[in-house]
Structure formats: C-alpha cells, structure tokens
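Data block below; observations after.
Here the structure is a predicted model, which is why all the values come from computation and not from measurement.
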Amino acid sequence: MPVAKVIVDVPTMQTNRPFEYEIPTELLAVVEPGVRVEVPFGRGKRQVQGFVLDVTETSDYSGKLKEIVRVIDLNPVLSKEMLEMSSWLADLTYSFQISCLQIMLPNLLRAKYIRSVVPVQGFENDPEVTKLLDNKTSLELNNDIDNSLIEEIQRLLESKKIEILTSVKNRAKQIKRQAIQIKVDKHHLLETEDSLKKNATSQRKLLEFLISNYEKNTFEISSLESMGISRPAIKALQKIKLIDIIEVTKLRKPTDLKNATTQKLELTNEQLNAVKQINNSINQQNAETFLIQGVTGSGKTEIYLQTIDEALKEGRTALMLVPEISLTPQMVNRVSSRFGDQVAVLHSGLSSGERYDEWTRIENGSVNVVVGARSAVFAPLKNLGLIIIDEEHEASYKQDDNPRYNAKDVTQWRSKYHHCPVVLGSATPSLESRARAQKGVYKLIELKRRFNDHDLPEVKIVDMRDSDNAAVSGDISNALKTQLDEILSRKEQAILLLNRRGYSSFLMCRECGFVLKCPNCEVSLTYHKDIQRMKCHYCGHEENVLDECPNCHSDKIGFYGTGTQNVEQQINDMFPDAKTLRMDVDTTSKKGAHAKLLKEFETQNADILIGTQMIAKGLDFPNVTLVGVINADTILSLSDYRASERTFQLITQVSGRSGRAEKKGRVIIQTYNPDHYAIKEAAKQDYDSFYKKEMYIRHQGNYTPYYFTTLLSVSHESEGQALKMAYSLKRQLVDSLSEEAIILGPSPTMIARKQNKYYYQIIVKYKHEDNFHKRLLEILSDTQAETKKGFSIAIDNEPQHID
DNA sequence: AGCACGCCGACT
DNA sequence: GTCGGCGTGCTC
C-alpha cells in the first residue's frame with residue numbers, strides 16, 4: 001500500500017517533519033511529489049493543507065495511518081528542485097520546512113482555512129441539525145453569521161449533535177473566458193464555406209477568419225465579437241459541430257510589455273570581455289560565480305542583457321534579481337524591449353491575482369526570463385542557464401523575518417542544481433563578495449571605464465564644522481546653496497539625499513564631529529529613552545549621556561537630525577521659485593506613488609528632488625547635474641559594523657546619479673566627519689582603497705568577512721524573563737563553542753520594546769565551529785516548550801542589520 | 001497551532 | 001464529592 005510523506009501546514013518545531021498518509025486508490029494517479037493535499041491532522045476535526053514530499057511503497061509508521069482527504073492540485077505546484085531546496089533552506093535558516101515551501105509559492109496558493117458546522121456521525125437526520133444546516137451537509141462559520149444562530153450552534157455543540165470542522169479553502173481564482181476551438185480539418189471548413197447560404201454573412205466572415213488563422217486553433221469569443229462576428233453565427237457553427245465552445249483561463253498581464261524593439265548595443269572592450277567570459281560559462285554549464293565590479297555608468301545592464309540572450313539561444317532560461325527599489329519602469333522597459341513577451345516581472349506592486357498569473361506563466365514555460373526582487377529567486381523556471389544579481393551589495397536580498405533567507409544563498413544553490421553561472425554586479429560590492437573574488441572563489445571582472453567615457457562627477461566634501469561654510473540656514477551649507485543657485489539658473493536638476501528620515505539617536509559634537517562610540521566594539525552607542533543612557537547593541541556596554549564633548553570640550557554635543565520635510569521647507573524658503581519634490585516613506589506609501597514622483601521629475605516638472613535612500617539607486621536622469629548629500633553622518637553612525645560600508649556605498653551610488661549624460665556632474669557631501677575614510681574614498685570613487693581600509697578594520701574588530709556571524713534574539717513580555725532566558729542561552733552557547741568563538745551580549749535591541757515585548761540579543765562571531773549549527777537546532781527544539789510561555793527565540797544566520 | 005489528557009483548588 | 005483551572009504532550 002503506497003503512502004505519501006506530507007509536510008503539514010502547522011508551523012511548529014515538533015511538527016517540522018514529514019507525516020505519512022494513506023492514499024485512497026482513486027487518488028493514486030494524482031498524488032505525487034509537489035502536489036498540495038488536504039489531510040486530517042490531530043485529534044479533533046481539523047484538516048490542514050500539506051505538501052507531498054514523496055510517495056513510497058511501504059510505511060515505517062507503526063500506528064494507524066489516516067487517509068488523504070483530497071488533492072488540491074491536479075499537477076504538482078512545486079518541482080523536485082523546490083522540494084529538495086526547501087529542506088536545505090529550512091536547515092540553513094533555522095526555520096520550518098513548511099514556511100520555506102510557502103514562500104516559494106504565490107500568496108494565493110497559501111492555504112486559507114474555513115470553519116464549518118457539520119453533523120456528528122449518526123445525527124445527519126436529526127431534525128434540529130437539519131434545521132440549523134438548512135438541509136445542507138455543512139454550514140460555514142464566517143463573519144456574517146446570524147446572531148440568532150450562535151446560541152443554537154452552541155447548544156447543539158454541547159449536546160454533541162454537531163461539531164466544528166476546519167478545512168482548506170482554495171483561493172486561487174483565474175479569470176475564465178469563453179472561447180471557441182476548431183474541431184475539424186481545414187478542408188472541412190473550406191467545404192462548409194462553399195455550401196453556406198448567401199445571406200449568412202456573419203458565418204462566412206467567421207469561417208474565413210478561422211481558415212486564415214487555422215493554426216491558432218483557439219479564439220476568444222470576445223475578440224471575435226469585436227471583429228463584428230455575431231454570437232448566433234458562432235452558435236450556428238457549433239451546432240454543425242465544426243467548433244466547440246470552451247472555457248479558457250485568461251492570465252492577467254500586469255506590466256504591458258512591449259515587443260522586442262531594441263537591438264544589442266555596441267560593447268566596449270571591457271564589456272565584451274565580460275560577456276565572453278560569462279557566455280563561455282553558460283555554454284560550458286559551469287556553476288561558477290562572477291563578480292562584475294563596474295563603476296557607475298559602466299554599462300553593466302547591457303552585459304546582463306547580452307548574456308541573458310546567450311542563455312536563451314542555448315534553449316535555457318534566465319533569472320535576474322534587482323533590488324525592489326530599482327524595479328522601476330525604466331529598468332523593466334530596458335529588459336522587455338529586448339526580450340518582449342518572454343519576460344515576466346515580479347514586484348511588490350502586483351495584486352495577488354496578478355502575481356499568481358505571472359507565476360503560472362513562468363511555471364508553464366511561457367516565459368523564459370524573470371526579473372524580480374528578492375522572492376523572485378524562487379521563480380519556477382526550469383532549465384536555468386543564467387542567474388544575475390544586480391546591485392549585489394544591497395541588504396534587501398536578505399529577508400528580515402522568517403524564514404530569514406538570503407536570496408544570494410538561494411542563487412548559489414540553484415546554480416549548482418542547474419549547472420549555470422551566477423553573475424553578481426555592483427559598483428560597490430559587499431566586502432564579503434569582494435573578498436571572495438580576491439580569494440578566487442568568485443571570478444572578478446572589472447569595468448573601470450564609464451560608458452561613452454563620461455567623466456565621473458566632481459565631488460566636494462563640505463566640512464560642516466567650519467562655520468564659514470556651515471549652515472547658512474539650517475542644514476544647507478553655503479557651498480550647496482551656491483551650486484543650487486547655479487543649476488537652477490541653467491535649468492538643470494538636482495537631487496538632495498537625506499538619510500533614515502534624518503533622525504538619529506547617537507551623540508555627536510557639532511564642533512569637532514566627535515561621535516560617542518563603544519570602547520569595545522567600534523560602533524556608535526545608541527540612546528535608550530527608557531533608561532536615558534547610551535547603550536551598545538553589540539556588547540551591552542552602557543554610559544551616561546554627555547553634555548560636554550570629551551574631545552574638544554565644547555557643549556555642542558547632542559543628538560541631531562532633520563527630516564526630508566524640514567529640508568524641503570528650507571529649500572522652498574531659500575529658492576521660492578524652484579519646484580521641489582519630496583520622496584520618502586510618507587510620500588511613497590501609496591501604490592504607484594513612487595513611479596509617479598519619478599515620472600514627474602523625469603519630465604522635468606520639478607527642479608529639485610529631495611529624498612531618502614530610495615532616490616540613490618539606478619535612476620538615470622540626464623538633466624541631473626548636482627547631487628547633494630545633506631547629512632552623510634547619520635549613516636556613518638549607525639550602531640552597526642557595516643555603517644562605513646553602507647555610507648561608502650550610498651555616497652558612491654548617489655554620486656553616480658550626477659552627470660549621466662553630456663553635462664558634467666557635481667556632488668556635494670555635507671559632513672561633520674570630513675576625514676572619515678568612507679566619505680573620503682567615496683568622494684574619490686575609489687573602491688579599492690576603501691576596501692583595503694575597511695578590511696583592515698574588519699580584521700581588527702573580528703567582523704565579517706573574517707568571521708561568520710549569527711544573531712540570536714529572545715523576547716518576552718517581562719524584561720526580567722527575557723534577560724534571564726538570554727543569559728541561559730548564552731551559557732549554553734559558551735559551553736558548546738570553542739575558545740575561538742566570540743559571544744557578545746545579551747544586549748537590548750534598538751527599540752527595546754516593540755509590541756509590548758522586551759528584546760535581547762546575543763551575537764556570536766566564529767570561524768570554525770563544526771557543532772555550532774547542530775547545537776543551535778538542538779537549542780531551538782529544547783526551548784520549544786518555552787515558546788508557549790510567551791518566549792520567542794529567533795536565530796538569524798548572517799544578519800544584515802544589527803539593531 | 002489545536003486538542004485531549006491529567007492532576008490540583010473552590011464550589012454545589 | 002465534582003467542576004474547571006491550565007501545564008504537558010501529541011499529532012501520521
């Protein structure tokens with residue numbers, strides 16, 4: 001008797017393994033790995049969704065097996081590749097396999113449960129029961145259930161005549177359209193046309209159309225009607241059995257993609273060399289990784305497009321990941337105008353229905369190229385020939401909540417599975433990637449020249465401590481004001497960048513630029529309002545808020561920051577005639593607002609764009625000749641060891657926005673730390689020099705890429721309980737790790753209390769700890785019982801943000 | 001997650 | 001004596 005091994009939709013540690021079910025004989029043909037099934041689970045009347053992992057001939061379970069209730073899919077929704085990947089990913093990210101299976105699918109395929117009232121066996125014909133159920137077999141319990149019924153339900157539940165069944169509801173709906181299908185051969189159609197009555201004009205028109213488009217076979221009725229073919233004519237042909245009327249599923253097409261219209265661009269020698277190397281790897285089916293380090297404007301996108309083309313020519317498919325933020329119409333058009341309707345785009349703006357349809361289109365093989373943000377890494381492409389990750393340094397490739405996966409790890413896995421290369425591209429590679437390239441793990445491809453040989457913009461650092469330059473009015477220095485004046489008079493455009501909505505919780509001296517740092521960890525201390533003290537998020541070191549700068553003894557030490565709104569106001573006061581646009585979380589929260597603002601700026605309906613990070617990436621506005629960074633320091637002073645890296649990346653990226661076309665660009669960076677290497681090297685656009693210095697610092701502080709990092713966090717309603725648990729975890733870690741490992745904390749997180757819970761974190765830095773992974777899994781299952789007492793314990797492998 | 005079993009306190 | 005509190009453990 002064959003049994004199905006099923007992962008059930010019950011996300012707990014104890015149910016995180018396959019359960020076996022008997023397959024009813026009538027379902028034997030459809031139950032195969034990758035299909036979703038509905039199975040009874042637990043003691044009560046509860047039915048849950050499950051994924052069939054495997055079908056085996058015999059069971060090794062000693063108890064009595066339950067039967068699969070029904071299959072949800074006639075064909076598998078997950079391939080062998082995805083099933084295999086899910087167990088690897090669950091293990092890597094310390095999450096449940098069911099959660100990993102779920103993220104691979106569009107939302108609509110996630111189970112929704114309905115509760116309904118059904119008769120207890122033997123009471124199907126009880127008069128009270130049939131009255132309640134209105135002679136049906138069940139009554140759904142939804143929100144609009146009549147109040148008068150509730151009492152009756154309660155009573156019958158108590159007398160055990162009815163019970164509550166939880167079962168799975170399938171949400172995936174497709175738009176169905178009516179269509180006709182030709183049933184006979186072409187010859188037959190021609191004969192019929194000859195024998196038609198003269199006045200049957202509409203039928204003749206339809207037949208002629210069918211004959212000339214015979215190959216296509218299936219036609220939507222609505223499109224025929226719009227050509228002036230009448231419904232009776234269609235009925236008439238159906239009656240004489242020439243055609244069938246059928247239902248077809250119409251897939252929504254969210255992005256209106258153009259036909260392929262653009263041709264390959266001519267390549268520079270550097271680009272050509274890159275394309276050759278990658279194409280070679282595609283042809284050889286090498287699962288290797290390239291790192292393209294190319295200065296802004298060096299034409300990385302064209303390399304992506306030409307190598308995708310090569311993969312397609314080989315009959316394979318291609319996946320391109322980009323940060324959500326740069327998934328702009330500009331970007332999408334660039335790809336779709338080369339590959340036309342072979343492209344599917346997955347981004348967060350899609351409705352669940354649209355997303356589901358795009359997924360279907362990928363799954364059934366009607367597209368070969370997928371462009372999308374993080375979760376697109378699970379696109380069900382078969383026969384992958386190439387994977388591209390643009391802006392590979394972006395932290396957003398890592399998911400911040402469960403399952404905490406990094407799309408980059410997933411691409412490595414898929415690359416090995418499909419034997420295809422991965423291309424990482426960035427002007428400012430992450431230190432990890434660049435270090436791997438240095439060691440020869442990745443192949444480094446450098447693009448040092450800008451496309452069309454445009455000069456890099458001229459970058460000027462403005463020392464905000466210098467009172468001659470500083471704050472003529474609030475946050476705008478004289479130097480920036482002068483430049484703004486100039487570009488406005490030349491009718492050019494400017495971008496002003498602020499960070500993190502500009503507010504900060506670190507201490508800085510406005511006189512000398514001093515920032516209060518942790519004596520042990522080389523990161524800035526963060527202000528904690530509740531205790532009114534400064535704390536380190538790494539080791540928990542604490543000290544008082546200073547009112548005098550320990551460096552220059554000035555009293556101008558304090559918290560500082562401005563918001564985009566404030567800066568916009570200052571600019572409006574300064575330049576009443578200039579039109580400004582503000583782009584931050586407030587102005588872009590509505591769907592499509594982002595694109596609309598950019599469009600407005602692109603069409604030069606505004607002179608100055610003021611915004612946060614989101615304006616820094618990949619945008620290409622030829623008329624922008626000035627970029628101003630209002631406060632370079634806020635990024636620098638994050639309580640995160642990647643602060644310097646992020647600062648360097650951001651300034652370099654945003655500087656690349658200036659002077660993309662013929663006009664020469666300028667960049668002004670306002671800072672209280674003009675001598676900081678991240679800022680100085682970014683101004684020179686000198687990645688290699690920054691890399692060397694930063695690697696040294698990382699080496700000194702025992703940080704990535706010299707050490708691996710794992711972050712454990714504990715939360716509980718009671719601060720004491722959370723802290724106690726954190727210490728107990730730490731003790732266990734100390735016992736199971738070698739001397740070489742560094743364990744920091746427990747320390748409170750930035751927002752110590754969110755959702756009425758206290759958070760503590762432990763950071764583990766290590767090099768070689770063979771048992772660590774296994775030990776963490778054990779800790780997770782040991783502490784499982786604690787989660788019922790209000791604890792939650794999360795493990796983040798290689799976290800991107802520590803706060 | 002849900003649900004049942006089970007072992008202690010305050011009620012008819 | 002019993003109703004019900006929620007701590008503990010299992011679900012194919």
Side-chain angles (χ1 to χ4, degrees), chain A residues 1-25 27-28 31-72 83 86-87 90 94-103 110-118 120-121 138 140-141 153-155 157-160 162-169 401-403 715-718 721 724-725 755 757 778 780-794:
Chain A
M1 184 63 94
V3 287
K5 295 206 195 301
V6 175
I7 296 285
V8 292
D9 181 16
V10 182
T12 66
M13 210 63 224
Q14 299 140 80
T15 51
N16 189 29
R17 61 185 173 88
F19 287 83
E20 295 183 344
Y21 286 89
E22 222 172 89
I23 308 169
T25 36
L27 296 182
L28 271 174
V31 174
E32 56 173 313
V35 301
R36 291 174 304 154
V37 290
E38 186 170 352
V39 292
F41 193 73
R43 290 181 241 250
K45 266 222 167 248
R46 183 187 178 198
Q47 286 167 182
V48 298
Q49 189 180 78
F51 289 86
V52 176
L53 277 194
D54 204 1
V55 176
T56 55
E57 279 313 309
T58 51
S59 162
D60 32 70
Y61 183 62
S62 54
K64 199 166 82 206
L65 293 181
K66 288 183 182 174
E67 272 196 350
I68 291 175
V69 176
R70 68 175 176 114
V71 286
I72 299 169
L83 295 176
S86 69
S87 50
Y94 306 96
S95 51
F96 309 123
Q97 193 170 358
I98 186 68
S99 321
C100 294
L101 291 165
Q102 309 264 39
I103 42 157
R110 257 168 245 184
K112 201 185 159 196
Y113 294 95
I114 45 167
R115 288 154 70 79
S116 47
V117 171
V118 292
V120 169
Q121 204 167 17
S138 68
E140 191 177 324
L141 292 172
I153 290 170
Q154 192 71 38
R155 204 174 61 77
L157 274 174
E158 269 163 27
S159 55
K160 296 243 160 52
I162 57 169
E163 53 193 333
I164 289 178
L165 167 78
T166 308
S167 58
V168 180
K169 186 175 183 172
D401 40 48
N402 272 316
S715 72
H716 194 269
E717 275 181 20
S718 141
Q721 290 287 299
K724 216 171 125 193
M725 174 64 91
Q755 287 147 15
K757 281 191 159 191
E778 283 167 16
L780 265 187
S781 73
D782 291 350
T783 50
Q784 170 63 206
E786 314 293 330
T787 61
K788 289 219 168 161
K789 295 176 189 158
F791 285 102
S792 69
I793 294 159

Is the base of dC12(C) stacked against the aromatic ring of F19(A), taking ring centres under 5.5 Å apart and planes under 30° as the test?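 The base of dC12(C) is not stacked with F19(A) (the test needs centres under 5.5 Å and planes under 30°).
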
Any side-chain hydrogen bond (donor to acceptor under 3.5 Å, both in side chains) pairs touching residues 54-67 of chain A, not counting sequence neighbours?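 Residue pairs with at least one partner in residues 54-67 of chain A: E20(A)-S59(A).
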
[X] [atom1] to [N] [atom2]: how many Å, rounded?
{"X": "K112(A)", "N": "dA1(B)", "atom1": "NZ", "atom2": "P", "value": "20 Å"}
{"X": "F41(A)", "N": "dA4(B)", "atom1": "CZ", "atom2": "C1'", "value": "14 Å"}
{"X": "Q784(A)", "N": "dT11(C)", "atom1": "CD", "atom2": "C1'", "value": "13 Å"}
{"X": "N16(A)", "N": "dT11(C)", "atom1": "CG", "atom2": "P", "value": "16 Å"}
{"X": "I164(A)", "N": "dA1(B)", "atom1": "CD1", "atom2": "P", "value": "19 Å"}
{"X": "Q47(A)", "N": "dG2(B)", "atom1": "CD", "atom2": "P", "value": "14 Å"}
{"X": "E67(A)", "N": "dT11(C)", "atom1": "CD", "atom2": "C1'", "value": "18 Å"}
{"X": "K45(A)", "N": "dT11(C)", "atom1": "NZ", "atom2": "C1'", "value": "16 Å"}

Please produce a list of atom pairs where a protein N or O lies less than 3.5 Å from an N or O of nucleotides 6-8 of chain B.
none

Pairing donors with acceptors under 3.5 angstrom, does anything connect the side chains of D9(A) and Y113(A)?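 Note: D9(A) and Y113(A) side chains meet the donor-acceptor criterion.
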
So what does G44(A) touch, heavy atoms closer than 4.0 Å: a base, only the sugar-phosphate, or nothing?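 Since only primed, P, OP1 and OP2 atoms lie under 4.0 Å of G44(A), the category is sugar-phosphate.
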
Across the strands shown, which category fits R115(A) at heavy-atom distances under 4.0 angstrom: base, sugar-phosphate, nothing?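 No contact.
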
Contact pattern, 5' to 3', of nucleotides 4-10 of chain C - B, S or - by protein heavy atom under 4.0 Å: -----BB

For the side chain of H716(A) and the backbone of K724(A), is there at least one donor-acceptor N/O pair under 3.5 Å apart?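 Here the side-chain-to-backbone pair does not exist.
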
Kindly assign one of parallel, tilted or perpendicular to the pair F41(A) and F19(A), based on the angle between their ring planes and the thresholds 30° and 60°.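 F41(A) and F19(A): perpendicular rings.
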
Proximity to the side chain of R46(A) - top-ranked nucleotide from dC12(C), dG2(B), dT11(C):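 Out of dC12(C), dG2(B), dT11(C), the nucleotide with an atom closest to R46(A)'s side chain is dG2(B).
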
